[in-house]
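To start, the structure under review is shown below, and the notes come after it.
A note on names: the letters A, B, ... follow the listed sequences, proteins ahead of strands, and every chain is numbered from 1. Treat the numbers as computed from the prediction; the structure is a model and nothing was measured.
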Amino acid sequence: MGHANKIEKVRSALLRWYRAKGRDLPWRRTRDPYRIWVSEIMLQQTRVETVIDYYHRFLQVFPSVTALAGADLEAVLKVWEGLGYYARARNLHRGAQTIVEEWDGELPGTLQDLLCIPGIGRSTAGAILSLAFEISTPILDGNVKRVVARLFALRGDLKSPGVEQKLWKLSGALTPKRGVHHYTQAIMDLGAMICTPRKPDCPHCPLRNECKAFHLQWQEKIPSPTKKNSRPHHQVALGVIRKRGRILIYQRPSDGLLGGLWGFPNYRSRTRKGLLRALVQGVRKDYGIRMETGNPVGILSHGYTHFTVTFHLFECPCRDGEKIRKRAFPAKWVYPGELKNYPLASSDRKVIRKLSAISRQQSVKR
DNA sequence: AAGGCGGGGCT
DNA sequence: AGCCCAGCCTT
């Protein structure tokens, strides 16, 4: 069978399937480039089910490019809290300001211009052009990569530049000139619903007859597994440092892990015995604060992309007159009830829940 | 070319 | 415990 013939059959079978089985998702009920943009940024490396609530809340608070551009970054981070990859929120905020300044508040409708907006790469630009502007442009997200790799039985690491280049060419060849809006959503739905990473539902797949991987019975071998580097594990001392009913929090620098979020001071230690010392010395060095004691009150674990952490919680009372004398990072004393006003990392939310559980237990004992 | 960047759900 | 998710950016 010829290449062009296969492509035509894939397109028509895919669209027929999509009309019957495609998902109804919030961002498919609009053609507003701003809303499509917000959804695409949220969906980077994030599941559809996770995004839906954030999508509605975000647009309620920031209904337009100008509303977003005029907001405080902290307010944006607060709405983004818990969604992860916080650079996306910073880029969205800065991107809105770029759009107001450079394009009079309207998202540009060309690939070259979209790629100038922070956080928009080739695939996200392709999605915005296809879905909001109906301009035929390929995308290459995780779904499309997997579907295309199976359709053409591409072996090898799908993240390697060589394979990616082939995938981009094939995705481009498959992308139709007309009706790109439906096609792009259709191929993503197929990847999410049928052509899944593990145990693809080939019996119900509309592309079964055109799929080289299915023909060879390779569908479970593609994508080929990549090498697993085990994540290191860190022991971290975390201080709930109290003074007259208030707690010390600090703001992380915007360029690192959890950038821009607030949290409880925490310091890594090589050994368990060294935890409290690391905390006491760190707080003294970074904030010039001397703590009276540190009482271990609990432990919790948390996983990040490249490492896992065991947090060792310490309750640390300070003298009433103790002051912040240095500011290695922005820092302040806040009442527990004020914590909800700050964007906090998921791990720090866990700490708060743990603390309230502990205080409930203690009040029961008394 | 490789690594950093979250969090949660599924196996 | 490992894998993956509607990727992008920096080095």
Side-chain angles (χ1 to χ4, degrees), chain A residues 22-23 25-28 36-55 77 80-92 94-95 114-132 138-148 157-165 167-168 171 184-193 195-200 220 223-233 252-261 263 301-309 343-350:
Chain A
R23 295 176 291 184
L25 299 170
W27 42 90
R28 291 183 177 173
I36 304 283
W37 174 40
V38 169
S39 76
E40 289 301 327
I41 300 299
M42 286 187 170
L43 286 160
Q44 289 170 1
Q45 297 292 284
T46 310
R47 294 173 193 286
V48 164
E49 315 85 72
T50 306
V51 165
I52 290 176
D53 286 344
Y54 282 93
Y55 173 79
L77 286 172
W80 206 269
E81 179 184 70
L83 193 56
Y85 284 142
Y86 298 92
R88 296 183 295 175
R90 286 198 304 279
N91 288 335
L92 211 43
R94 194 155 54 90
L114 283 173
L115 289 175
C116 294
I117 297 170
I120 298 183
R122 191 172 167 189
S123 189
T124 300
I128 294 171
L129 289 170
S130 300
L131 302 179
I139 67 168
L140 194 64
D141 67 337
N143 288 316
V144 175
K145 268 188 186 177
R146 190 172 53 254
V147 171
V148 173
D157 183 357
L158 300 192
K159 290 189 191 307
S160 77
V163 177
E164 271 214 345
Q165 195 179 1
L167 288 167
W168 269 113
S171 175
T184 296
Q185 315 203 71
I187 193 167
M188 286 193 286
D189 274 9
L190 190 82
M193 299 164 72
C195 197
T196 48
R198 276 168 298 184
K199 298 190 176 183
E220 298 271 12
S224 50
T226 56
K227 47 187 170 291
K228 51 175 192 296
N229 2 348
S230 62
R231 299 182 297 178
H233 188 89
R252 295 175 178 84
S254 63
D255 57 352
L257 184 74
L258 305 171
L261 299 191
S301 296
H302 191 76
Y304 296 96
T305 306
H306 292 291
F307 57 93
T308 59
V309 176
L344 298 184
S346 182
S347 56
D348 289 308
R349 292 272 160 219
K350 282 189 192 175

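- Of the possible donor and acceptor atoms, none in the side chain of T124(A) sits under 3.5 Å from a partner among the backbone N and O of G121(A).
- In terms of modelled atom types and a separation under 3.5 Å, the side chain of Y86(A) and the main chain of E81(A) share no donor-acceptor contact.
- The distance between atom CZ of R231(A) and atom C1' of dG3(B), rounded to the nearest whole Å, is 15 Å.
- In this structure, L344(A) and K199(A) both approach DNA chain B, and ranking their closest nucleotides by distance from the 5' end singles out L344(A).
- Using P as the reference atom, dA6(C) and dC5(B) are 23 Å apart when rounded to the nearest Å.
- Considering only side-chain atoms of N143(A), the nucleotide from dG6(B), dA6(C), dG7(B) that sits closest is dA6(C).
- Backbone-only engagement by I120(A) is indicated by non-hydrogen atom pairs under 4.0 Å involving sugar-phosphate atoms exclusively.
- Between the CG atom of D141(A) and the C1' atom of dA6(C) there is a distance of 4 Å, given to the nearest Å.
- Atom CZ in R90(A) sits roughly 12 Å away from atom P in dC9(C) (whole-Å rounding).
- At distances below 3.5 Å, at least one donor-acceptor pair connects side-chain atoms of R28(A) with backbone N or O atoms of R23(A).
- Checking R88(A) against Q44(A) by side-chain atom types alone, no donor-acceptor pair falls below 3.5 Å.
- Going from atom CG of L77(A) over to atom C1' of dG7(B) covers 16 Å, rounded to whole Å.
- Heavy-atom nearest nucleotides on DNA chain C were determined for N91(A) and for L25(A), and the one closer to the 5' end corresponds to L25(A).
- Within the nucleic acid shown, R349(A) has no heavy atom closer than 4.0 Å to any nucleic acid atom.
- In the set dA6(C), dC5(C), dG8(B), dA6(C) carries the atom at the smallest distance from any side-chain atom of W27(A).
- Phosphate contact (OP1/OP2 of dG7(B), side-chain N/O of H302(A), threshold under 4.0 Å): present.
- Nucleotides dG6(B) and dT11(C), compared at atom P, are 16 Å apart to the nearest Å.
- Atom CZ in R252(A) sits 8.0 Å away from atom CG in L344(A) (nearest 0.5 Å).
- Of the candidates dG6(B), dC5(C), dG8(B), the closest approach to any side-chain atom of S346(A) belongs to dG8(B).
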- Query: Given the rule in the ring pair (Phe, Tyr, Trp, His ring centres under 6.0 Å) test, do Y304(A) and H302(A) qualify, once you have shown the distances and angles that lead to the verdict?
  - Reply: CA-CA 7 Å; Y304(A) 296 96; H302(A) 191 76; 4.8 Å; yes

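- Across all strands shown, G191(A) has no heavy atoms under 4.0 Å from either base or sugar-phosphate atoms.
- At whole-Å resolution of the value, CG in L158(A) and P in dC3(C) are 15 Å apart.
- Summarising the geometry, the separation between CZ on R23(A) and C1' on dA6(C) is reported as 9 Å, rounded to the nearest angstrom.
- One donor-acceptor pair, N or O on each side, does fall under 3.5 Å between the base of dG6(B) and the side chain of T305(A).
- The nearest heavy atom of DNA chain B to A345(A) and to H306(A) marks one nucleotide each, and the one closer to the 5' end goes with H306(A).
- Between T124(A) and the phosphate of dC8(C), there is a side-chain N or O to OP1/OP2 separation shorter than 4.0 Å.
- Rounded to an integer number of Å, the gap from I139(A) CD1 to dG7(C) C1' is 11 Å.
- If you check dA1(B) for Watson-Crick or wobble pairing at under 3.5 angstrom, you find it paired to dT11(C).
- I41(A) comes within contact range of no nucleotide atom at all, as no heavy-atom separation falls under 4.0 Å.
- Within the 3.5 Å criterion, the main-chain N or O of L167(A) finds no donor-acceptor partner in the side chain of S171(A).
- Closest approach to the S123(A) side chain among dA6(C), dG7(B), dC8(C) is made by dC8(C) (side chain taken as heavy atoms from C-beta onward).
- Here the C1' atom of nucleotide dA1(B) and the CD atom of E164(A) are 12 Å apart, to the nearest Å.
- Residue contacts shown for Y304(A) are limited to sugar-phosphate atoms, with no base heavy atom under 4.0 Å away.
- Set against dA6(C), dG6(B), dG2(C), the side chain of R198(A) has dG2(C) as its closest nucleotide.
- Within residues 45-55 of chain A, the residues that have a heavy atom under 4.0 Å from DNA chain B are, in order of number, Q45(A), T46(A), R47(A).
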